[in-house]
Amino acid sequence: MKFAHLRVEGQTTPRLAVVIAEAALFLDEVLDPAPRDLQDLIEQGPDGLAAVRVAVDVALEAGARLTPVSELRHASAVLRPPHILAIGANYAAHSQELKLRHETAPTIFSLWPNSLTSHGATTSWSEDLSTQVDYEAELGVIIGRPARGVHVRDALDYVWGYTVVNDITARNIQFSEAQWSRCKSFDGFTPTGPVVVTADEIADPQDLWLTTNLDGRILQDASTNEMVRSVAEIISYLSRSATIPPGTLISTGSPGGAGYSRNPQVFLQDGSTVTITVEGIGSLTTHCRVV
């Protein structure tokens with residue numbers, strides 16, 4: 001199943017919907033009580049998702065009204081995640097082009113919740129802060145149940161779903177500070193979406209293709225099988241020291257092709273449009289504005 005948070009004209013709160021062939025079925029119209037957002041649904045556990053599946057099937061058989069997604073606006077595909085964790089230097093090509101080490105322990109940092117934004121949104125920043133704002137295509141992993149001391153062989157059983165992430169980065173700040181959270185946590189620097197796809201829809205998270213299209217030019221083009229550490233290995237590693245709570249978003253790293261490393265360098269500009277696509281999930285578009 002594919003889930004999205006969608007905004008209806010005149011309503012301030014996004015509503016959780018199942019997306020079926022580019023149309024939305026709002027859960028609050030077919031289920032009572034309905035989960036208020038994806039985090040609520042995840043916290044209900046397997047029974048909550050099973051109830052949604054039954055309600056959707058019944059509604060479709062009864063001819064429920066579907067709303068074209070094109071008539072709606074997206075909110076972030078994940079709302080209220082307990083943690084947003086990011087993995088740096090997880091593709092060898094990206095590590096080499098940025099002169100980062102990946103051979104030892106994983107590079108792990110947190111992203112701030114204010115950075116979350118949606119498919120189709122405009123992300124803005126001040127040129128006084130950065131003129132080196134870069135794109136990073138990433139596979140996002142959403143944890144479905146508490147994960148503590150998880151073995152690699154069992155780790156994918158803890159995944160609730162997957163989404164697309166653009167890990168936007170102010171490179172000048174990244175390379176001037178010892179930690180990476182601030183350079184990647186400007187308002188709107190973590191677009192997610194357009195949907196979250198449940199784990200059963202993705203047979204192998206290490207067999208997905210990622211691309212970045214910036215203003216009509218493909219700048220990243222790689223497979224998740226190029227990860228230094230697989231999704232399962234990342235979950236297992238993170239769970240060794242602390243419990244990963246349900247709903248946690250893990251951004252799993254970006255492949256080679258970053259704008260910073262190109263000659264000449266390519267950065268997001270005022271008026272740029274960048275689209276990140278992950279096979280089997282969808283395409284996430286961000287518009288850019290420099291103020």
Side-chain angles (χ1 to χ4, degrees), residues 2-7 14 19 22 38 69-70 72-79 81 84 86 94 111-127 129-142 162-174 180-197 208-222 249-255 257-260 262 265-291:
K2 295 182 178 180
F3 291 89
H5 295 115
L6 297 167
R7 297 182 184 276
V19 176
E22 303 306 318
L38 188 71
V69 173
S70 60
L72 305 164
R73 291 184 300 116
H74 285 80
S76 176
V78 292
L79 296 173
I84 310 169
H94 186 58
L111 300 174
W112 303 345
N114 60 281
S115 69
L116 289 173
T117 193
S118 65
H119 166 65
T122 296
T123 292
S124 63
W125 63 91
S126 169
E127 63 181 354
L129 285 173
S130 183
T131 58
Q132 296 184 342
V133 176
D134 210 346
Y135 51 83
E136 289 191 3
E138 307 207 5
L139 172 66
V141 176
I142 298 150
Y162 300 91
T163 192
V164 184
V165 177
N166 185 356
D167 181 26
I168 300 174
T169 307
R171 295 294 186 200
N172 61 308
I173 294 176
Q174 179 180 24
W180 293 358
S181 290
R182 190 171 81 97
C183 69
K184 295 170 176 282
S185 293
F186 288 23
D187 290 345
F189 265 32
T190 312
T192 71
V195 298
V196 171
V197 177
L208 303 174
W209 207 261
L210 295 81
T211 62
T212 296
N213 183 318
L214 175 59
D215 296 328
R217 182 182 176 191
I218 300 296
L219 297 179
Q220 290 183 295
D221 193 15
L249 171 64
I250 304 172
S251 199
T252 57
S254 186
Y260 181 88
R262 292 180 173 273
Q265 292 178 319
V266 177
F267 293 117
L268 303 179
Q269 305 289 332
D270 187 40
S272 291
T273 297
V274 57
T275 298
I276 309 296
T277 300
V278 178
E279 180 185 5
I281 303 174
S283 295
L284 168 68
T285 295
T286 301
H287 306 288
C288 301
R289 182 169 178 258
V290 181
V291 297

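These numbers come from the heavy atoms of this one structure, side chains and all, not from hydrogens, waters or symmetry mates. Only a predicted model underlies this, so the values are computations on that prediction, with no experimental measurement involved.
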(Q) For the CZ atom of R182 and the CG atom of L111, what is their distance to the nearest 0.5 Å? (A) 14.0 Å

Q) Between D187 and N114, which heavy-atom pair has the shortest distance, and what is it? A) OD1-ND2, 2.8 Å

Q: For residues A77 and G193, report the shortest heavy-atom separation together with the two atoms involved.
A: CB-CA, 3.5 Å

Q: Any chance you could measure F3, atom CZ, to L38, atom CG, to the nearest 0.5 Å?
A: 7.5 Å

Q | V133/F267 under side-chain contact (heavy atoms from CB on, under 4.5 Å): CA gap, chis, key distance, verdict | A | CA-CA 6 Å; V133 176; F267 293 117; 5.6 Å; no

(Q) Ignoring hydrogens and geometry beyond distance, is a side-chain donor-acceptor pair present between S130 and N172 at under 3.5 Å? (A) yes

Q. Are E136 and R171 within salt-bridge range, i.e. N to O under 4.0 Å?
A. yes

Q: Please determine, by modelled atom types, if T286 and T123 share a side-chain donor-acceptor pair under 3.5 angstrom.
A: no

**Q.** Q265 side chain to R262 side chain, donor-acceptor N/O pair below 3.5 angstrom
**A.** no

Q) Side-chain contact, heavy-atom cut-off 4.5 Å: T163 with V197? A) no

Q: Looking only at non-hydrogen atoms, find the nearest pair between G257 and Y135 and report the distance.
A: O-OH, 2.7 Å

Q.
How long is the straight-line distance from OG1 of T117 back to CZ of F189, given to the nearest 0.5 Å?
A. 11.5 Å

(Q) Side chains of L214 and S272, heavy atoms from C-beta outward: is any pair under 4.5 Å? (A) yes

Q.
Quick one, L139 with V165, criterion side-chain contact (heavy atoms from CB on, under 4.5 Å). Give me CA distance, side-chain angles, the key distance, then yes/no.
A. CA-CA 6 Å; L139 172 66; V165 177; over 6 Å; no

Q | CA sep, side-chain torsions, deciding dist, call: S76, S118, side-chain hydrogen bond (donor to acceptor under 3.5 Å, both in side chains) | A | CA-CA 4 Å; S76 176; S118 65; over 6 Å; no

(Q) We want to know whether S185 and S115 form a side-chain donor-acceptor pair, criterion being a heavy-atom distance below 3.5 angstrom. (A) no

Q. Do the non-hydrogen side-chain atoms of T192 and L249 ever get within less than 4.5 Å of each other?
A. yes

**Q.** Close side-chain approach of T285 and P191, heavy atoms under 4.5 Å
**A.** no

Q. Less than 4.5 Å apart, any side-chain heavy atom of V19 and any of V69?
A. yes

Q: Answer yes or no: is there a side-chain heavy-atom contact under 4.5 Å between V291 and W125?
A: no

Q) Counting only heavy atoms not in R289, do more than 12 fall under 6.0 Å of its CZ? A) no

Q. Are any of the side-chain heavy atoms of I168 and F186 separated by less than 4.5 Å?
A. no

Q) Are any non-hydrogen side-chain atoms of T212 and I218 less than 4.5 angstrom apart? A) no

Q: Apply side-chain contact (heavy atoms from CB on, under 4.5 Å) to the pair L210 and I276, showing each step before the final yes or no.
A: CA-CA 7 Å; L210 295 81; I276 309 296; 5.8 Å; no

Q: Verify the distance criterion only: is there a donor paired with an acceptor across the side chains of T252 and E138 at less than 3.5 Å?
A: no

Q: Any chance you could measure K184, atom NZ, to N166, atom CG, to the nearest 0.5 Å?
A: 9.5 Å

Q.
For A258, is there any backbone N or O sitting under 3.5 Å from a side-chain donor or acceptor partner on D134?
A. no

(Q) Does V266 form a side-chain contact (heavy atoms from CB on, under 4.5 Å) with R217? I'd like the steps, not just the answer. (A) CA-CA 11 Å; V266 177; R217 182 182 176 191; 3.8 Å; yes

Q: Find the distance between CG (L268) and SG (C288) and round it off to the nearest 0.5 Å.
A: 4.5 Å

**Q.** T273 side-chain N/O to D215 backbone N/O, donor-acceptor pair under 3.5 Å
**A.** no

Q.
Do Q220 and S254 pair up side chain to side chain, a donor and an acceptor below 3.5 Å, judged on atom types alone?
A. yes

**Q.** Interatomic spacing from CG in L284 to NE2 in H74 - rounded to 0.5 Å
**A.** 9.5 Å

Q | Smallest separation among heavy atoms of T169 and Q174, with atom names | A | CG2-OE1, 3.5 Å

Q) Cut-off 3.5 Å, side chains only: do T275 and S283 have a donor facing an acceptor? A) no

Q) Does a side chain donor of either W209 or D221 reach within less than 3.5 Å of an acceptor in the other side chain? A) yes

